[in-house]
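Structure first, then comments.
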Amino acid sequence: MTDTLVAGELDLLGERVQRAADALRGLALERDRIRGERDALAAELQAVTRLLRGRDAHALVTELEALRRERRELAGRIETLVKKLERIDA
């Protein structure tokens with residue numbers, strides 16, 4: 001009876017060890033995936049840093065805002081031209 005009890009406990013322990021090993025493998029895969037993401041993001045950050053080196057951040061933001069305004073104005077002009085063309089075709 002003691003042997004049966006010990007064998008049962010050993011089986012339970014073996015199952016727990018297997019679940020822990022599976023969890024560790026999963027965590028290792030996740031760690032490797034996250035490291036890959038980190039490395040890719042670090043490389044991207046370095047590339048952007050090289051591009052922006054020596055540029056004034058405030059000037060870049062101002063330029064971006066101006067480009068966005070220009071894009072909105074152009075979109076409005078295009079919309080007006082499309083409406084005029086539709087009236088001509090009608």
(message) Can you tell me how far apart OG1 (T62) and CG (L67) are? Round to the nearest 0.5 Å.
(response) 11.0 Å

(message) So, applying side chain to side chain contact (heavy atoms under 4.5 Å, CB included) with V82, which one of K84, E86, E79 is it?
(response) E86

(request) Report the distance from atom CG of L27 to atom CG of D32, rounding to the nearest 0.5 Å. (result) 11.0 Å

(message) Taking CD in E37 as the centre, count heavy atoms belonging to other residues, nucleotides or ligands within less than 6.0 Å. Is the count above 12?
(response) yes

(message) Counting neighbours of CZ on R16 that are heavy atoms of other residues, nucleotides or ligands and sit closer than 6.0 Å, is the number greater than 12?
(response) no

(message) Side chains of R35 and R38, heavy atoms from C-beta outward: is any pair under 4.5 Å?
(response) yes

(message) Measuring from atom CD of Q46 to atom CG of L41, what distance do you get when rounded to the nearest 0.5 angstrom?
(response) 11.5 Å

(message) Could you tell me if the side chain of L64 sits less than 4.5 Å from the side chain of L60, heavy atoms only?
(response) no

(message) Any heavy-atom pair between the side chains of R25 and D22 that's under 4.5 Å?
(response) yes

(request) Output the distance between atom CD (E44) and atom OG1 (T49), rounded to the nearest 0.5 Å. (result) 10.5 Å

(message) Are there over 12 heavy-atom neighbours, none belonging to R33, within less than 6.0 Å of that residue's CZ?
(response) yes

(message) As an exercise, state the distance from CG of L52 to CG of L45, rounded to the nearest 0.5 Å.
(response) 9.5 Å

(request) Could you check if a side-chain atom of L74 sits within less than 4.5 angstrom of a side-chain atom of R77, using non-hydrogen atoms only? (result) yes

